[in-house]
Student: 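So that we are looking at the same thing, I have put the structure below in structure tokens.
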Amino acid sequence: MKIPTVLPFLCALLFCIAASESCSIDPSYKGKSVVRLTFEDDDQKELVLSSLSELCEIKYVQDEHTNPKDNFVELIVTLEQLLKADRMMPRKSVRVLVGDLGAAINHERESYIASPVESGSAGDEVCNSDKCSAGTVTAGQVDLEYYKKYHTYEDFLERWNTLTKTYSDYVSLETIGSTHEGRDIHMFRLGSTSAEKPVRILMNAMQHAREWITPMSVLFTVESLAAQAYKAKAWMYDLEILIVPITNPDGYVHTHTTDRMWRKNRNSRDSCQGEASGVDLNRNWGTDFAGGESTSSDPCSDIFTGPEAFSELETQALKKLFEEIEGIKAHIDVHSFSQLVLGRWSYSDKTPPNVEEVDAVGNLLNDKLSSGGKTYSYARGKTDLIYLASGVMPDWVTDAHGVLSYTYELRPKSMWEGGFMLPAKDIIPTAEEFHVSIEALIEHVLKKH
Ligand code: 0X9
Ligand code: ZN
């Protein structure tokens, strides 16, 4: 009689040993769920997480966004892990945010990414049918069709080039570096070439590959400013806007081809389970590098710092910009998600220089971002809204160059509303509120300098 009772236990044990040795979550995420676990205390957290890791690797989707007040983590889990968490914790503490992540990714691919027909042939004279309308650029207008879906890297390249042709007097596209896999890193330069010492603002999007809304939003601003300049040239005379739409092109391509949840670059210097480990570019900057706030020296971690500050070609390319281009008065590092504006410092609670201006502009930008009807929040240092982080870009920008610098976290507010997979219908409103905030930043900078 003992056999039937012991057998399931033995099987479970064997499964557990086998799983802990070999189970890693495959990048198709088929049948995997995204779950939020809210813990009563750190002891419970440790117990539950170590039990789940016996079944399969623990894959955090957004540990970094853990609200320091509410002790929770968001994980991608197998069904077995989900059931185990459910057994170990009160029901209300286990919240399934995405039932089938693999299915959600497939849905996004099928419905939210423009096909080459929709986005191709931008500006081509032959392209005068409805099929091509998403790729058309008409001088003086922002083409909203293009912003109804997400785009592949190749589509972006085509679009960027068309924009520079349409607005050749005030928009150019430069190569500021190249990546580990040999892709160019591009930068738009918008504004007048006539001013001797223009005031400059620099923005870069997508240090993190999975944050797809970010290049869409900054591109919308490029198009909006270019259209505005076409209609009323005067406003750009003393101003130059520099925009790096995709800081991490290798990572972005990887999110389309292989792993939608990929965050880092694709450096293969170190490996993780036989694959390129990549480096978290927003932990690779020189201020408080590897300082221990949300960093890891484990190549498999999403917050892997790399071997030393500026070890990566992408961070080197942007660093060089700050060293070579004079007159940069403000900088925005564009991320998603959480609807936040984050001022300095990221790595510590210390008061930043010019704290009044940092807070006043941070609040202003935050109000403008909230103009589209969604609530954004402004914070700096460690608050209920955000953890500290070492080696991040805006800290270095302020620290090394004294430039006013913010992190944006665009829509949505939570994983519940899509997380990195913001529904395509929200691209335009997000891009519009982003643009409104950039106009306010331009006004501030022009008034001051
Ligand atoms: O962790 C990051 O690099 C940024 N968040 S994200 O989810 N897009 O990865 C935030 C960086 C700034 N962090 C703080 N001010 N704490
Ligand atoms: Zn990010």
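Hydrogens, waters and symmetry mates play no part in the numbers below; they use all other heavy atoms, side chains included. Each ligand, and each atom within it, is numbered from 1 in the order the structure gives.
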Student: Under the 3.5 angstrom rule, does the side chain of Arg344 hit a backbone N or O of Val358 as a donor-acceptor pair?
Tutor: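 Not at all, since once roles are kept as given, no pair shorter than 3.5 Å links the two residues.
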
Student: Record the part of Pro394 in heavy-atom contact with ligand 1 below 4.0 Å; permitted values are side chain, backbone, both and neither.
Tutor: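 Pro394 to ligand 1: no contact under 4.0 Å from either part.
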
Student: Are Phe434 and Phe220 near enough that their ring centres are under 6.0 Å apart?
Tutor: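 Phe434 vs Phe220: aromatic centres not under 6.0 Å.
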
Student: Does Tyr406 have its ring centroid less than 6.0 Å away from the ring centroid of His331?
Tutor: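 Judged by ring-centre distance (under 6.0 Å), Tyr406 and His331 do not meet the cut-off.
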
Student: Under 4.0 Å, counting heavy atoms only: does Arg380 come that close to any atom of ligand 1?
Tutor: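 No.
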
Student: Give a yes or no on this: more than 12 heavy atoms of other residues, nucleotides or ligands lie within 6.0 Å of atom CD of Glu326.
Tutor: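 Open: at most 12 neighbouring heavy atoms sit under 6.0 Å from CD of Glu326.
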
Student: Please tell me whether His208 and Trp262 form a close aromatic pair, meaning their ring centres lie under 6.0 Å apart.
Tutor: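 So the answer is no for these two rings.
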
Student: Under the side-chain hydrogen bond (donor to acceptor under 3.5 Å, both in side chains) test, which residues partner Tyr150, sequence neighbours left out?
Tutor: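 Not a single residue meets the side-chain hydrogen bond (donor to acceptor under 3.5 Å, both in side chains) criterion with Tyr150.
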
Student: Based purely on interatomic distance, does Arg344 place a nitrogen or oxygen under 3.5 Å from a nitrogen or oxygen of ligand 1?
Tutor: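 Checking ligand 1 against Arg344, no N or O pair falls under 3.5 Å apart.
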
Student: Geometry only, no angles: is Thr407 polar-contacting ligand 1 at N/O separations under 3.5 Å?
Tutor: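 Min N/O separation from ligand 1 is not below 3.5 Å for Thr407.
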
Student: Could you tell me which residues satisfy ring pair (Phe, Tyr, Trp, His ring centres under 6.0 Å) with Phe39, sequence neighbours excluded, listed by chain and number?
Tutor: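 Phe39 satisfies ring pair (Phe, Tyr, Trp, His ring centres under 6.0 Å) with no residue once adjacent residues are dropped.
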
Student: What about Phe310 and Trp285, are their ring centers closer than 6.0 Å?
Tutor: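 Judged by ring-centre distance (under 6.0 Å), Phe310 and Trp285 do meet the cut-off.
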
Student: Applying side-chain hydrogen bond (donor to acceptor under 3.5 Å, both in side chains), name anything that partners Ser296, two or more places apart in sequence or on another chain.
Tutor: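 With neighbours one apart ignored, the set is empty.
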
Student: What's within reach of the Zn ion (ligand 2), meaning protein N/O/S atoms under 2.8 Å?
Tutor: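 Correct list: His208 ND1, Glu211 OE1, Glu211 OE2, His335 ND1.
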
Student: Is it the case that ligand 1 has an N or O less than 3.5 angstrom from some N or O of Glu409?
Tutor: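 Right, the criterion is met.
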
Student: Counting only heavy atoms, tell me which of Arg210, Glu293, Glu211 gets closest to atom 8 (N) of ligand 1.
Tutor: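 The residue whose heavy atom sits nearest atom 8 (N) of ligand 1 is Glu211.
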
